[in-house]
*Asks:* 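Mind having a look at this structure? Questions to follow.
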Amino acid sequence: MRDDNVRKGILVPGLPHPLLCPEKNEGWQRVRDAYEKARIEIEETDAEILVIYSTFWPSILGHQVQAYPEPEWTFVDEEFHDLGSIDYKFKMDPEFAELIVDKSKERGLHSRTVSYYGFPIDTGSIVALKLLNPDNRIPAVIVSSNMYANRAESIVLGKSIRDAIDESGKKAAVVVISALSNRLHTVEIDPKDDKIHSLKDHEWNLKFLEYLEKGRLEDVSQLSRQFHNEARVPKVVSFKPFWIMASIMGQNNLYDGNVLAYEPVWGTGSAVVTLTPAEDTAGDLEYDEDDPEFFKGDREVLDFYEQPSMGSLEERDGH
Amino acid sequence: MSKGEIVMGALAPHPPHLVYADNPPQNEATSEGGWEELRWGYERLRESLSDKDYDVIIVHTPHWATFIGTHFLGIDSFKSLSVDPIFPNLFRYNYDLKVDVELSKAIHDNAADSGLLVKMMENPDFRIDYGTITSCHLVNPEWNKPIVCISSNRSKFYFNSEVMQANMIKLGEATRKAVEASGKKALLLSSNSLSHRHFTVEPEVPEDMSKEHVTNHNQYLWDMKMINLMRDGKTKEMIDLMPDFTEQTVAETEAGSLTWLMSALNFPNYKATVHAYGTVIGTGNAIVGWDPRKAKI
Ligand SMILES: [Fe+2]
């Protein structure tokens, strides 16, 4: 594993079924199990802060960061209210939330913390925190998803979050909450009959998962607009989760990817994926290198792949 | 039992700023005022209701968005705290409300008969959306009438505005028939703004009225186009224009509330009373009443 302050990136879906009724569908149970595997992966790192970006929490006034120390509520999803209520009590890191706000202001963004009793924390964040951090072992922050933000703003937000992680000196796990394809079944279905809403959605999901499996985070980030057009119901202006994740994690493809589950949840492409900073990758495409700031000699990136016997280029790869 | 009726229909937008500016005891945030034109408009709407005897408020709300059909509150009371997810600094409101479950279920059943997918919401822990609370508070701050709360099905996202409108026209008819059959007198609220492009920043003092204006001239012109059609009693024409209006001004009419209201009122060809037009953080808001008695004159 590469030594990076972000120990792990995790993609999780946000619908409540894997939390509330996994037994109703084998695929939902597999997603539930995958949350559990991701939880263990996080636990095996020394991450001290969970940084959550939730596409289930829209904002308008710039970017909001949850900073209420111990939010507590009995929550009901506005769509799937018949699945039951969710009692929660979480532990936030208000200081870290303030740091994200400071850092994002330094980079020209409008942002603020929100710290109010009873603030309606979104379904996705609740499901993720309940399943990935059940004992509140790691304090968290939750960052909203601005409805109007497009790529530049999202990339800068990600970099601001990265600034906060680096300045805090904390090791972080970054959790991004989003479905891949987000088209729900708009009719009642028997849970047993759940399937990805359309073949086209499924094929795009598979393409993204193929890249993620190879740790190609920056590639999926670069394809976000295409994915938005092909596989997303356009409720917001753009598909941001991979822009955010990539910009926090370094805008490259240097990760070990682990697809822990991919299943339909009420028609949506619901994947649990972990990305771990890797020493080296098998890549030979753009973004397979880090983002260099200074030229330190020939990196021989392409030669390397023509002559595999050369082995690792760690000494001379530009660091 | 005598035939029930809709005693008034109103466009009753729900910017939480208007409650915040009023400083009611239920809201934790306090202000120095602001948005008087709209608040006085609500006052005029309340005055126009003062000689109306009604039993129930039926509200169609953009902020209970559902994708699997249209949902209805199905429990007779709710009490909790509503915190606005976008403006939590302005709106943290302790509500305590009653639901007319019988009428709610009757509209639900009628809508099902007309082919719509519907569902009753029967989880007692459910939190009422801030749009419903804001519109109902501003129309009836005493909270002495039960409500029926209808979710907004977002077929526009999955299909288009035309499909959304077709469904909302059915839902409006189902609502009217249920009210008539119930023998009750109902006030109907379409809880939405018109043009809906917000500013993405908030002034240091949210009620600083020197900072308030419509986001752009395009939005203003479109809002006036729609309002003038209301004033002229040309509501069918307004509904025909709705998809373009919604597209051009990212209007909150995308939720279908206003189309539902017009259908429930059977597309009024009498003049609406515009009580106010004003902007809130850049969005266009009109407070408008349709009094069916005018149709009879
Ligand atoms: Fe709204």
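Here is the naming used below: chain letters follow the sequence lines, and residue numbers restart at 1 for every chain. The analysis underlying the following values was restricted to heavy atoms, covering all of them including side chains, and did not include hydrogens, waters or symmetry mates.
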*Asks:* As an exercise: rank A:Val114, A:Val187, A:Ile121 by heavy-atom pairs under 4.5 Å with chain B and give me the winner.
*Replies:*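 Of A:Val114, A:Val187, A:Ile121, A:Val187 has the most heavy-atom pairs under 4.5 Å with chain B.
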*Asks:* Would you compute the distance between atom CG of A:Leu223 and atom CG of A:Asn229 and round it to the nearest 0.5 angstrom?
*Replies:*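 One gets 11.5 Å once the value is rounded to the nearest 0.5 Å.
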*Asks:* Side chains of B:Ser195 and B:Trp222: does their closest heavy-atom pair fall under 4.5 Å?
*Replies:*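 Result no, sub-4.5 Å side-chain heavy-atom pair not found.
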*Asks:* Which atoms of A:Phe80 are under 4.5 Å from chain B, going by heavy atoms: the side chain, the backbone, both sets, or neither?
*Replies:*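 Looking at A:Phe80, just its side chain touches chain B.
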*Asks:* Sort A:Gln64 into side chain, backbone, both or neither according to what part of it lies under 4.5 angstrom from a heavy atom of chain B.
*Replies:*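 It is the side chain, since no backbone atom gets that close.
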*Asks:* Taking side chain as everything from C-beta outward and backbone as N, CA, C, O, which of these in A:His110 sits under 4.5 Å from a heavy atom of chain B? Side chain, backbone, both or neither.
*Replies:*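 For A:His110, side-chain heavy atoms alone lie under 4.5 Å from chain B.
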*Asks:* Heavy-atom cut-off 4.5 Å, strictly under: side chain, backbone, both or neither for B:Arg154 against chain A?
*Replies:*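 Answer is neither: B:Arg154 stays 4.5 Å or more from chain A.
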*Asks:* Report which part of A:Arg183 has an atom under 4.5 Å of a heavy atom belonging to chain B: side chain, backbone, both, or neither.
*Replies:*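 Both backbone and side chain.
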*Asks:* Pick whichever of A:Ser115, A:Pro120, A:Ser85, A:Ser144 has the most heavy-atom pairs under 4.5 Å with chain B.
*Replies:*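 Among A:Ser115, A:Pro120, A:Ser85, A:Ser144, the one with the most close pairs to chain B is A:Pro120.
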*Asks:* Determine the option with the most heavy-atom pairs under 4.5 angstrom with chain A, choosing from B:Asp129, B:Asn89, B:Leu81, B:Asp84.
*Replies:*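 The option with the most such pairs is B:Asn89.
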*Asks:* Between A:Glu203 and A:Lys200, does any side-chain N to carboxylate O distance fall below 4.0 Å?
*Replies:*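 No, this pair does not count.
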*Asks:* Is B:His198 close to chain A through its backbone or its side chain, or both, or neither, when contacts mean heavy atoms under 4.5 Å?
*Replies:*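 B:His198 touches chain A through backbone and side-chain heavy atoms alike.
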*Asks:* Name the region of A:Asn182, side chain, backbone, both or neither, that has any atom closer than 4.5 Å to a heavy atom of chain B.
*Replies:*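 Backbone of A:Asn182 only, per the 4.5 Å heavy-atom cut-off to chain B.
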*Asks:* Taking side chain as everything from C-beta outward and backbone as N, CA, C, O, which of these in B:Ser80 sits under 4.5 Å from a heavy atom of chain A? Side chain, backbone, both or neither.
*Replies:*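 The side chain, not the backbone.
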*Asks:* Quick one: what part of A:Phe119 sits under 4.5 Å from any heavy atom of chain B, side chain, backbone, both or neither?
*Replies:*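 Contact with chain B: backbone and side chain both.
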*Asks:* Against chain A, label B:Phe199 side chain, backbone, both or neither, depending on which of its atoms sit under 4.5 Å from a heavy atom there.
*Replies:*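 For B:Phe199, the contact with chain A is made by the backbone alone.
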*Asks:* So A:Glu153 and A:Tyr148, side chain to side chain donor-acceptor pair (under 3.5 Å) or not? Walk me through it.
*Replies:* CA-CA 9 Å; A:Glu153 190 169 352; A:Tyr148 302 128; over 6 Å; no
*Asks:* Where on A:Asp77 is there a heavy atom nearer than 4.5 Å to chain B: the side chain, the backbone, both, or neither?
*Replies:*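 For A:Asp77, backbone heavy atoms alone lie under 4.5 Å from chain B.
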*Asks:* Any chance you could measure A:Phe56, atom CZ, to A:Ile142, atom CD1, to the nearest 0.5 Å?
*Replies:*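 Going from the CZ atom of A:Phe56 to the CD1 atom of A:Ile142 covers 13.0 Å.
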*Asks:* Looking at B:Glu202, B:His71, B:Arg127, B:Met121, which one has more heavy-atom pairs under 4.5 Å with chain A than the rest?
*Replies:*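 Most heavy-atom pairs within the cutoff with chain A belong to B:Arg127.
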*Asks:* Answer yes or no: is there a donor N or O on one side and an acceptor on the other, between the side chain of B:Asp125 and the main chain of A:Val76, under 3.5 Å?
*Replies:*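 No, because the side chain of B:Asp125 does not come within donor-acceptor range (under 3.5 Å) of the backbone of A:Val76.
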*Asks:* How many angstroms lie between atom OG of B:Ser263 and atom CD of B:Gln165, to the nearest 0.5 angstrom?
*Replies:*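 If I round to the nearest 0.5 Å, the distance is 10.5 Å.
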*Asks:* Spell out, as yes or no, whether a donor-acceptor pair under 3.5 Å connects the side chain of A:Lys24 to the backbone of A:His17.
*Replies:*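 No; zero donor-acceptor contacts below 3.5 Å.
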*Asks:* Checking the side chain of A:Gln66 only, and the main-chain atoms of A:Thr113 only, is there a donor and an acceptor separated by less than 3.5 Å?
*Replies:*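 Between the backbone of A:Thr113 and the side chain of A:Gln66 there is no qualifying donor-acceptor contact (under 3.5 Å).
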*Asks:* Check this for me, if you would: do A:Asp163 and A:Lys159 make a salt bridge, where the nitrogen-to-carboxylate-oxygen distance has to be below 4.0 angstrom?
*Replies:*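 Salt bridge absent between A:Asp163 and A:Lys159.
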